[in-house]
Every structure is written in structure tokens, then in C-alpha cells.
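Protein chains get the first letters and strands the later ones, always in sequence-line order, with residue 1 at the start of each. Please read all numbers here as calculations on a predicted model, not as lab measurements.
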Amino acid sequence: MEYDFRQIEDKWQKYWAENKTFAAQDNSDKPKYYGLSMFPYPSGAGLHVGHPLGYIASCIYARYKKLQGYNVLHPMGYDSFGLPAEQYAIQTGQHPAITTAENIKRYRGQLDKIGFSFDWDREVRTSEPAYYKWTQWIFKQIYNSWYNQTSDKAESIDSLISIFEKSGNAEVKAVHDHETVFTAEEWQAFSEEDKQKTLMNYRLTFLADSWVNWCPALGTVLANDEIKDGVSERGGHPVEQKLMRQWSMRITAYAERLINDLETVDWSDSIKEQQRNWIGKSVGASVNFALEGNEDTIEVFTTRPDTIYGVSFMVLAPEHDLVDSITTDEFKEAIAEYKKQASLKTERDRQADVKNITGQNTGAFAIHPFTGEKIQIWIADYVLAGYGTGAVMAVPCGDQRDWDFAKHFNIEIKNIFKDTDISEAAFTEKDVVIADSDFLTDLKAKKAIKLAIYEIEQRGLGKGQTNYRLRDAVFSRQRFWGEPFPIYYKGDTPYALEDAKLPVTLPEVDAYLPTEDGEPPLARANKDAWNVSEGDRMEYNTMPGWAGSSWYFLRYMDPKNEEAFVSKEKADYWGQVDLYIGGSEHATGHLLYSRFWTKFLADMGYINFNEPFKKMINQGMILGRSNFVYRDKDSGKFVSFDKRKEFKTARLNVDINRVDNDKLDTEAFKNWLPEFANAEFILNDNGEYICGNEVEKMSKSKYNVQTPDELVEKFGADTLRCYEMFLGPLEQAKPWDTKGINGVHNFLRKLWRLFHDENNNFLVSKGEADKKSLKTLHKTIKKIKEDLDRFSFNTAVSNFMICVNELGEQNCNNRAVLKKLVILVSAYAPHIAEELWQKLGETESVSFASFPTFNPDFLIEANHKYPVSFNGKMRFLLELPANLSKDDIEKEVLANEQSQKYLDGKDPKKVIVVPGKIVNIVV
RNA sequence: GCGGAUGUGGUGGAAUUGGUAGACACGCUAGACUUAGGAUCUAGUGCCGCGAGGUGUAAGAGUUCGAGUCUCUUCAUCCGCACCA
């Protein structure tokens, strides 16, 4: 075999590991470069070809940066806490740590075979106590902080205590949910327990009774981002609302900064937009409406205070606190019935039932704060209890839902917009002039909004306000396989453990299930099963999956530090992740939470950057190519794809490993599953069984999963790496089809052959290179650099192919040319590059070489082939000296006999000459 | 409904600032060579047409000497959000 990739790849993978070729330097004069791939959850299924796609891209880029002289940090680790290992543990009784360790081993084996330039000495595993000690420590920091809106950052809870001691809470501007005002004296007089309870309402992570998404099937609560279409993202189980005492993270304190700082990062518009949507900022005013014959007031939130004169009714959420007390006797029964109906609907039903307009009049009236008119008050489930104040002022002329509601229940629709027609629909644009609205009349909406807020504040009716859709993030999970909290209880009051006691490790339990009273699995542990046990009991919940992944990129900088989660010095040196590659499915989970924690850690002065990931690329999903066989319903025989129409057939997915180029290996098929052992076939006219095919998501059940292992075995890691890149742009979803892999493999063989004679003897020539070869080389240097700089990994592979094809045609085996080519190729196909580099007489790894510099002199041509167009249509090429002037080019072109043919005796109206580019003649 | 992305041969895709559309690769066709190999080489391959030629980047319009690329309208597919006041 001429290009023995197996031997070469084994050799160099071993070499890199032994020599720690890709170890990042902590102290270096070189500029730093931090390239990161999202770390995987090590599932039992192992890697399929979709996983390495992003890793290969970041590996290539990291290698490229190293060649450019950067000190590169390119680490890898495992997000190793998670549900699948725990579900497996519940079924088998095996400790999740064992399953996890096995899966990690498998992953590592697969990763090693692809030749990644990871610095494995920095590996992190979120489920290791040495790692989660610091997750617990960061939790404590958040627990011991509050959000000061005056300084607009998180501060230590001690500073809040001293404010309370001096002046109570009246002047404090904080993000909190403490409802009462107290003085310094009152604070001093509080019992220890009351003080703790009060502080809890200010802490950035806090314990509170809150409505949570409870998933009975998983036995745990879920955060909003863990729910898709009303069911759990993992497993697709139903979710219900439940009031539970839970830890939450006050991420809402960071809502504004999380929106604003999106402008400072280089991420895709789609992800930024998803985050903006998720945070859901809306600016407006809160206004209090007095009630007729009732002391209470109803507070509403509106983004259109300019339309306040258009209010013709109010709507409360059925769950609103005041519903029962304001409802008149006449409507008591109807309201109770409506509330009951609404409560029976699940969140999902409610969303699915958008078109159905329902509601119920309470019989009560509010008083319009400006006109003093009486306004009907209704309840309807289109108003959500959880957003704003759970009440709206309905302006049917300016809001489609209000308009629909008013039409449906025959409520008056006032038009307070000048020159608009609202007979068919509401007018929802802000580009409008207000009418019939007293002091707002004749103002444009945007001005009117400002004036209305001013007036509302002047009259003490309310205030300007900004609302966010973002909710505080539930941080407790009733599961075993997660980080324990560094929290213990005295009675019902939680306390944080001292730093010196960390980590709290997972205690042994007799089963990975909730207790009989519904307590989380950790409640099964005896007191002495805990490595730390204080107070009356430890916290039984564990942290969610995103805890460990919210800061892992920091730990890579300083993975062995036992004194700190990362030293200030190293955090300052490595700074932000320069390039983050991973899937877009984490848009509102991991990517939002890690931004939140980064901002918090920056507020506390531990790091000096506010955003974790400067640039991000989201790789597209690799889809599988499924194959099908067709079973005749009558005879049970399998019919070839091209004959299937002649029969009544049922389509079945067939294992793609038993199919080659859509041709079924019938023997292999018989051996596949026992039920097919005696299969009979109806072949086509060529005596072949042809399978149908379709592009689908890769999944076990479709038998279309491609693992990298078999491809590495067949073609080698270098081929796999190049092929995954060659498939198409990194960000795009694309079907995986192994057909094309031969072409990429051939390219590497051709590359090998440039360095060898017919007998596979290494043979390169010294001396001056051919001009043509130098042109090819420098053209390639230029293209590869440009491609890498714009992350166009696929076109770079094409350009390598072109280069190798051209050098092959030129019979070029010039040492100087080939040497530079090897460096260029080394980021993509590192094993073959190392081997050829060594054969060229080099003793150090090619990764320490310098990226070749492009010299434009080699590209200069004496002549240029001008495409000559007539009326914009290219007709022929004409080779002319490159230094010819515009006028001379025009003369030469018109004088050419081919031009006469297209001119057809007419005079050209106009001749456009772009020197070095094109000629266009207008006839 | 709102927001984002994408539409180019039989297939994956290329064309970076408006300047030869289809690079590169797969597949296919024909042929050569064979120590029969997922080998190599030669020629061809968008569509229509024997040909000259015509036509062609989802559809339509526009700007321009010139549009896959810019503007507008429409359509299709994918993704995200969705009674958010």
C-alpha cells in the first residue's frame, strides 16, 4: 500500500500524546488564542459523525492559529452530570459515576482516533468533586450577593446588611422581591430568622415558593428552556405547574445587560434574536386604575400609554388576586365557572386554543384615571397571570386581541387614531397621530407615549416601567446525578457552608429514586453518608445540568488550581473565548446562563470581561441518509426500488451498512435480523436489488447512523477530517452521504504521490522551483489563508485539491514548494502532514512551523485573457498583454475578426473596458 | 401572526468588492490499461438542439454597459418565538 494511513495515524497520535505537542503555555510572550468547542455530554451511544464536525473545525482553526505564532488554548472536557446516566442507574442500580466513566472512555477513544489538537492535560469533568467544588463555590458567591441597581452590578450581601443597619431598606435600589419597608431600628430588632428571610428576598440565588414546571415522569422540576412545545425537552413528558420551595437564580437582574451586551459579541443574528425574544423586553408604563366602590386598585402594564383614552374595558387574568373580591353577586357563578374551566386547561391547551375567544364579565367597574368614565372589567385567559401585572387595559382600536375580544362580546370600540379605518382590524402601527385624547390629541404616537408617562407620573397614577418576559431560573432539581448544594438547614432556614468544607460530595444512597414522601433521592442518605453534614439536615436537591457548563471555559485556563476556580492572572491572560463552536440548540439555555455567570463573576472582580464568547459559530446538523427496502404485502418478498410500483409494498428502513451505493447486499441483509433470514427478493432487470433513499435526522431507529469509527478504519482520520469539512459550509445543515468520501481520500493519495515515485520511494528534487509551480503554491497560500480567515472550511479543501491536481500535472516534486504545501495542509490533514514533514528531514512537529507567507509577485502574468461580451453576453476570450491601456484594449478587441461577426456590420454604441477584468460591447 | 435563515446541474456545493455561472468533488456516459483495484489514465457531462444557436441561479419586476450577487413584490422550505399587553 502506498499511502498507509493506519500506520501513519497511529504513529503520530502517539507522538503528539507523548510529546504534549498541543499543551498551551500559561506564560508566554506570544499573543493568546482561545478556541473552544462545546463540551459533550458523554452519552452511551458514543459519537456519530455529526459530533466531530464542530470539533474538526475548531481543531483546524486552532492549528492554523498555532502556525501563525499564537499561544493556543484548545481544550476539551465532559459535561458529565445528566439525566441519561441517572435513568440508567434507576433501571440497573449501577452508580451513574460508573456509567459515566465508561462512556467518557469510549468518547475519548473515538476522539483520539480523529487526531484532535486538544490539550488533554486540561480536561475537565463537571461531575468530578475537584471540579464541582468550584461550582458550589460560585453558587455561594451568588448566594452571598445582591444586585445593586444604583451601581448596576452585583455586590456582596455584606454591603446590603450594612445599609440595612444604617438606614433600613427604603433607599435601597435593588432587584428583589421583598414587599415591606423597614427602618434601621426595625432591622436591628429582627430575629436572626427574620433577618435571613429578609436577605433571602435580595440574594441573587434564593429559596422561595414559586410556581415551577413539574415533570412527574422525570420526577423533577424543569427550567423554561428545558421545555419545548409544552413537554419536557428530554423524553417529551407532560409538564404541570406546581408550587414548590425551590432555589432560583435572579437572572432577571441581568436582563438589561444581557440584551445590551449582545451588541458586543460576534454571534449569528438568529441566536441573538432568540435571546432577545427570550428576554422579551418591553418598555411602557404601569398605571393604576381605581375601582368603583372598592378601595383596591388594579395595576396594569401597557406599552402604549398614548392610547389610554382608547380604553373601553379591562381584562384580568382568571388567576388575578382581585377577581373574587370585585365580582358582583350577579356574576359570581359565571366567574367561578370560567375560572374553573381556565384552571383545567393545561399551558399547552391554552396555547393551542388561541383562536377561541373566551371571557367573562365580572360586573365590576374601574374608573378611567383621566376621563373618570366607568369601564367594564372582564376576565379572560388571553391575559396571562405571569406576565406584567396579570391585568391589561384593553384598547380595541390599537390591539388586535382586544379588538377581537370587543367584537366578540359587543363592547364599544373607540377610535382614537386620526384618519384610520378600524372597521376590519385594529390599527397596531406606532406610526399614527392621536385624536380625541385631550392633552395627547394631534401628537404623534411616539411623542404621546412620553407625554402620557409624564402625565401619569405627575398625577401619581403610575410610572414609566420596563418589563421583561425572562423569569428567574429555577435552580433545584429533584435528582441524584448533579452537584449537591453547599447548603444546610437549621429548622427551615438555609445556611451556606464555609468554603473550607467544600466540596459537598454526593452521598451513597440505596436507590436513585425519590423517597416515599416525595423527597429527592439525596434524602435517602443517612447523616453519616455525607462527607459534610451540618445543622439539622443538608439540602436534598441537586443543581441543574447548566450549573457546571456555565463556567467550564474558565476552568480550562487553570484546571488544577486548588486555591481558586481560576487564578486572576490566568483569567486575565486568556480572557474571552476567541472562537466558540457548537450547536444552536443552546440559544436560550447554556448560552444565556454562561453569559449571566460571566457577568456576575466580572461584577465581583474575579475576571475582567463581561462576555464569555467573543465569536461563535453554530455548526449545522448533519442529517443521515436512510435506505429503504420494500416488502410486497402479498408475498412478503422484497421488491427492488425500481419495481416497487408493480406491487403493493410497505417501506422499511434498512441498515445502511448493508447497502452500497443504494445496492442492497442481499446476503448481508439476510444475516442482519433473524426475521429476514429467509428473505426472498424480486430483483430488477440487472439482477440487482436497489434501495430507496431519503435524507432524515440520524437516529438509531432509522438504522442510518454513521459513526466516525468505521470511516476512520476504512479511510483514515485525515480523510474523515477533510471530508467533514468538504461537505459544505459549517453553519448549514447538510445530509451525510459517504459516496463523496472517495474523492477526498484520492486527494490525500495524490498528495502522497507528489512526494514519491512509482515504487513509493520518497523522492523530492532540490533547486529552483518551476514558475508555474510557484504560481500554484502562492495562489493556494492566498486562498487557504483567506478561506480560514472567513471560516470557509469547505472551500479550503477544494483549493487543496486544485493545488495538488495542478502540481501533479506539472510533475512538480520540488522540495521548497512541497514543504510549504505540507504546512498548509497540516491543519486539515495533520497525520499525513507530519509524516511527509518528517520525510523532508524535519525533526520537530510540523505544528511548530510557520504559516507560509504569500508573495503576490508569483501571480503576476504578462497576459490576461479578456472575456469579451456583447450586450452582456460572453462570446469569446481574447488574450492581450496585461499592461495594455484601456484605449488599446478597445482597439484590439474591435479589430479582432471575431468581433466583426458579433457586430454584424453595426457600430458599437459603447465599449466598456475594465482593465484586467472584462470587455463589454453594447451594440 | 412575528422574527431569523435558506432557495444555483442528477447530488454535495463554488462564484469573497456587481464583471467568463456551475470551480472542486460525487454520480453518470464512452474509451484505454490491466498482476481485477473501492486502482489509474483519456474524453464528455446544466437544459433544449444534429448544428449554428438558444436558454439558464425559486417566480416576477426594477437599477446597471453588465445581476446568482443590489432594490421591490411573490412563492417554497427549515428553524426559533408565539394570546407578552
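Remark: Arg875(A) is in phosphate contact with G54(B), judged by side-chain N or O atoms under 4.0 Å from OP1 or OP2. An OP1 or OP2 oxygen of C83(B) is reached within less than 4.0 angstrom by no side-chain nitrogen or oxygen of Gln400(A). Put simply, Ser282(A) has a side-chain N or O that comes within less than 4.0 Å of OP1 or OP2 on A85(B). In terms of phosphate contacts, Arg401(A) brings a side-chain nitrogen or oxygen within less than 4.0 Å of OP1 or OP2 of C84(B).
The shortest side-chain heavy-atom distance between Ile617(A) and Trp267(A) does not fall under the 4.5 Å cut-off. Side-chain contact between Val911(A) and Val893(A): absent, with no pair of heavy atoms (C-beta onward) separated by less than 4.5 Å.
Using a 30° and 60° split on the angle between ring planes, His864(A) and Tyr866(A) fall in the perpendicular class, above 60°. The aromatic rings of Trp378(A) and Phe405(A) lie perpendicular to each other, with more than 60° between the two planes, well past the 30° mark. Ring orientation note: the planes of His586(A) and His590(A) are nearly perpendicular, at an angle over 60° on the 30°/60° scale.
Taking atom C1' on both nucleotides, A21(B) is separated from C47(B) by 14 Å, rounded to a whole Å. Here the separation of G68(B) from A52(B), taken at their P atoms, is 24 Å to the nearest Å. Distance check on atom C1': U57(B) versus A76(B) gives 16 Å, rounded to whole Å. U20(B) and C70(B) are spaced 16 Å apart, taking the P atom of each and rounding to whole Å. Comparing the P positions of A43(B) and U55(B) gives a spacing of 30 Å, expressed to the nearest Å. Rounded to whole Å, the C1' atom of A85(B) lies 46 Å from the corresponding atom of U17(B). Between the C1' atoms of G9(B) and U71(B), the separation comes to 28 Å (whole Å). G60(B) and G10(B) have their C1' atoms separated by 28 Å, with the value rounded to a whole Å.
Of the candidates G12(B), A85(B), G80(B), G12(B) carries the atom nearest the Leu727(A) side chain, counting heavy atoms from C-beta on. Candidate nucleotides G13(B), C24(B), C84(B) were compared by shortest atom distance to the side chain of Tyr387(A), and C84(B) ranks first. Residue Glu273(A) has its side chain nearest to G3(B) when only G3(B), A25(B), A85(B) are considered. Ranking U40(B), U16(B), U20(B) by closeness to the Pro867(A) side chain, first place goes to U20(B). Checking A14(B), U40(B), A25(B) against every side-chain atom of Asn794(A), the shortest atom distance belongs to A14(B). Candidate nucleotides U16(B), G27(B), G13(B) were compared by shortest atom distance to the side chain of Pro729(A), and G13(B) ranks first. When distances are taken from the side chain of Arg469(A) to each of G19(B), A85(B), C81(B), the shortest belongs to C81(B). The side chain of Val922(A) lies closest to C65(B) when the candidates are G38(B), C65(B), C24(B). Residue Thr795(A) places its side chain closer to A15(B) than to any other of A15(B), G38(B), G13(B). The side chain of Thr303(A) has A85(B) as its nearest neighbour among A85(B), C83(B), G13(B).
Counting to the nearest Å, the P atom of U6(B) and the CD atom of Glu731(A) are 10 Å from each other. For the pair Asn618(A) CG and G80(B) C1', the interatomic distance rounds to 13 Å; values are reported in whole Å. Rounded to whole angstrom, the span from the CD atom of Gln274(A) across to the C1' atom of C78(B) amounts to 13 Å. Atom P of nucleotide U40(B) and atom CG of Asn805(A) are separated by 12 Å, given to the nearest angstrom. With rounding to whole Å, Lys910(A) atom NZ is found 10 Å from U64(B) atom P. Rounded to whole Å, the distance from CG on Asp787(A) to P on A14(B) is 11 Å. Spacing between atom CZ of Phe726(A) and atom C1' of C24(B) amounts to 5 Å, rounded to whole angstrom units.
The nucleotide U17(B) finds no pairing partner, because no Watson-Crick or G-U wobble arrangement with both distances shorter than 3.5 Å includes it. Pairing for G44(B) goes to C28(B), judged as Watson-Crick or G-U wobble with the two contacts each under 3.5 Å.
Aromatic rings from Trp403(A) and Phe427(A) are positioned such that their centres are separated by 6.0 Å or more. Ring to ring, His368(A) and Tyr309(A) are close: their centroids are under 6.0 angstrom apart.
Side-chain N or O atoms of Arg749(A) include none that pairs as donor or acceptor with a backbone N or O of Tyr3(A) at under 3.5 Å.
When heavy atoms are screened at a 4.0 angstrom cut-off, Asn746(A) is found touching the sugar-phosphate backbone but no base atom. Within the nucleic acid shown, Arg749(A) comes within 4.0 Å of sugar-phosphate atoms alone, with no base atom in reach, counting heavy atoms only.
Looking at which nucleotide of RNA chain B each of Arg753(A) and Gln732(A) is closest to, the 5′-most match is held by Gln732(A). Comparing Phe715(A) and Asp399(A) by the nucleotide of RNA chain B whose heavy atom lies nearest to each, the residue mapping closer to the 5' end is Phe715(A).
Applying the 90° cutoff around 0 to the glycosidic angle, G9(B) is assigned syn.
Asn277(A) contributes no side-chain N or O that forms a donor-acceptor pair with the base of C81(B) under 3.5 Å.
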